[in-house]
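Here's the structure we're looking at; comments come further down.
Because the structure is a prediction, the values reported are computed rather than measured. Values below: all heavy atoms of this structure, side chains included; hydrogens, waters and symmetry mates excluded.
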Amino acid sequence: MAGNDATRLGELRAQIDAVDESVHRLLMQRASVIDELIRVKGAARGGAAFRPAREADMMRRLAARHSGPLPLTALEHLWREIISTFTALQAPFEVFVSAGPDMVAAVEAARFTVGFSVPMTVLPDAASVVARIEEGGDRLGIVLLSETGTDWWAAMDGARVVAKLPFFEAETRQAGTPALVISPALADPTPFEVECFVLTGGPDELLPGGAELLAATKTSRLIALPAGAERPAGLDMRPAGGYAAPLTAKG
């Protein structure tokens, strides 16, 4: 290696070390802010401490300012690891995942979304996940939309859909199997951009205009509608939560 090249290589490595140190210091600073946030908020909250609308807003701002060769989905995973870890510092929570039709895909979706510092339990099916979420507390459930052996969505009472995965939709992304995140009642609920409903009875072709069929059995269906969309009279539609509209992204 020529002398000039070796010198330049050393300079670049020093820059990387400086950036790494800055990132670490900022993360420690974020932890200090979270510590203060915990003191200010105290224990005065009811319901699960998740903020899906705020997370969606953060993800959109992340996508808007992102540039360069780093894949956006890789950055998303790093960012979600940070968000989940700091959320757990405020209020420890656990995740329940349905093994369903593809346990590997379900676990990938969970770990990509909530990271590796949050306790995770794999359950045999979606009905078991719903049952654990119905118990309340700080917990999330993740169910693949391909799991339709039973109408698990019909068993949701206090549980609600709070997010749809993946949020960044890209053709070649990892952990891209469609899934729903369900949660007990949120401490700080905000209006959803897309609303979910359990639709009981009626033929398959009888759906509200603009509805997306998320999952179905012979007895009921889980559908999604843009917030505020007209709901035809005569359909047995029960609210089941909702989510932020996913964003199409590159990479």
Side-chain angles (χ1 to χ4, degrees), residues 16-38 41 48-98 102-123 129 133 137-144 161-170 172-183 186-188 243-244 246-251:
I16 290 173
D17 290 343
V19 170
D20 288 346
E21 183 178 345
S22 296
V23 170
H24 187 197
R25 289 186 182 278
L26 287 171
L27 287 173
M28 291 189 292
Q29 181 181 342
R30 196 181 199 278
S32 297
V33 174
I34 292 294
D35 224 19
E36 178 66 17
L37 179 65
I38 293 171
K41 289 173 62 176
F50 311 115
R51 303 290 185 274
R54 175 166 167 74
E55 286 189 17
D57 180 61
M58 293 172 70
M59 289 297 120
R60 286 176 179 142
R61 285 187 279 124
L62 188 76
R65 67 174 178 256
H66 184 61
S67 63
L70 178 65
L72 178 59
T73 51
L75 186 61
E76 177 196 8
H77 175 51
L78 294 173
W79 211 256
R80 287 192 180 279
E81 181 82 51
I82 292 171
I83 292 171
S84 296
T85 299
F86 285 111
T87 297
L89 284 177
Q90 295 181 65
F93 69 97
E94 54 188 334
V95 177
F96 296 91
V97 181
S98 170
D102 189 339
M103 183 174 68
V104 172
V107 171
E108 282 185 346
R111 284 307 185 201
F112 189 96
T113 303
V114 301
F116 289 86
S117 59
V118 176
M120 184 181 73
T121 301
V122 178
L123 298 177
V129 171
I133 301 303
D138 287 329
R139 53 187 58 177
L140 292 177
I142 294 180
V143 178
L144 297 182
V161 175
V162 295
K164 184 181 180 185
L165 304 176
F167 181 70
F168 288 146
E169 296 179 338
T172 59
R173 68 160 298 144
Q174 298 297 314
T177 305
L180 292 177
V181 181
I182 60 176
S183 164
L186 298 176
D188 184 21
Y243 50 84
L247 180 68
T248 300
K250 295 180 180 180

| request: State, with a plain yes or no, whether a side-chain heavy atom of Phe50 is found less than 4.5 Å away from one of Val162. | output: no
| said: Counting C-beta onward and ignoring hydrogens, is there a side-chain heavy-atom pair between Met120 and Ile142 closer than 4.5 Å? | reply: no
Closest non-hydrogen atom pair between [X] and [Y], with its separation:
X: Val129; Y: Gly141; result: CG1-CA, 3.6 Å
X: Pro166; Y: Thr177; result: CD-O, 4.3 Å
X: Leu165; Y: Ala109; result: CD1-O, 4.2 Å
X: Val114; Y: Val95; result: CG2-CG2, 3.8 Å

Let me confirm one number: the [atom1]-[atom2] distance from [X] to [Y], rounded to the nearest 0.5 Å.
X: Asp102; Y: Glu108; atom1: CG; atom2: CD; value: 8.0 Å
X: Ser98; Y: Ile182; atom1: OG; atom2: CD1; value: 9.5 Å
X: Leu72; Y: Leu247; atom1: CG; atom2: CG; value: 8.0 Å
X: Ile38; Y: Leu89; atom1: CD1; atom2: CG; value: 6.0 Å

| field | Donor-acceptor under 3.5 Å (Glu81 side chain, Phe116 main chain) | value | yes
| Quick check: does any side chain N or O of Arg173 sit under 3.5 Å from a backbone N or O of Thr73, one acting as donor and the other as acceptor? | no
Tell me, please, which residues at least two apart from [X] pass side-chain contact (heavy atoms from CB on, under 4.5 Å).
X: Ala163; answer: Val181
X: Val19; answer: Val23
X: Ala74; answer: Leu70, Pro71
X: Met103; answer: Ala99, Val107, Val122

| remark: Sorted by chain and number, sequence neighbours left out, side chain to side chain donor-acceptor pair (under 3.5 Å) with Thr113 holds for none
| task | Using the test side chain to side chain donor-acceptor pair (under 3.5 Å), find all partners of Thr85 that sit at least two apart in sequence or belong to another chain. | result | Ser117
Using atom types as modelled, flag every donor-acceptor pair under 3.5 Å from a side chain in residues 53-60 to any protein atom, sequence neighbours excluded.
from, atom 1, to, atom 2, distance (Å)
Glu55, OE1, Arg80, NH1, 3.3
Asp57, OD2, Arg61, NE, 3.1
Asp57, OD2, Arg61, NH2, 3.3
Arg60, NH1, Glu193, OE2, 3.0
Arg60, NH2, Glu193, OE1, 2.8
Arg60, NH2, Ala245, O, 2.7

| query | Is there any ring-ring contact (aromatic ring centres under 6.0 Å, His included) pair reaching into residues 54-85, and which pairs are they, with sequence neighbours excluded? | reply | His77-Phe112
| query | What residues form a ring-ring contact (aromatic ring centres under 6.0 Å, His included) with Phe167, not counting sequence neighbours? | reply | none
| message | Consider side-chain contact (heavy atoms from CB on, under 4.5 Å). Of Asp35, Asp138, Leu37, which one does Gln90 pass it with? | response | Leu37
| request: May I have all residue pairs that pass side chain to side chain donor-acceptor pair (under 3.5 Å) and include part of residues 19-28, sequence neighbours excluded? | output: Glu21-Arg25
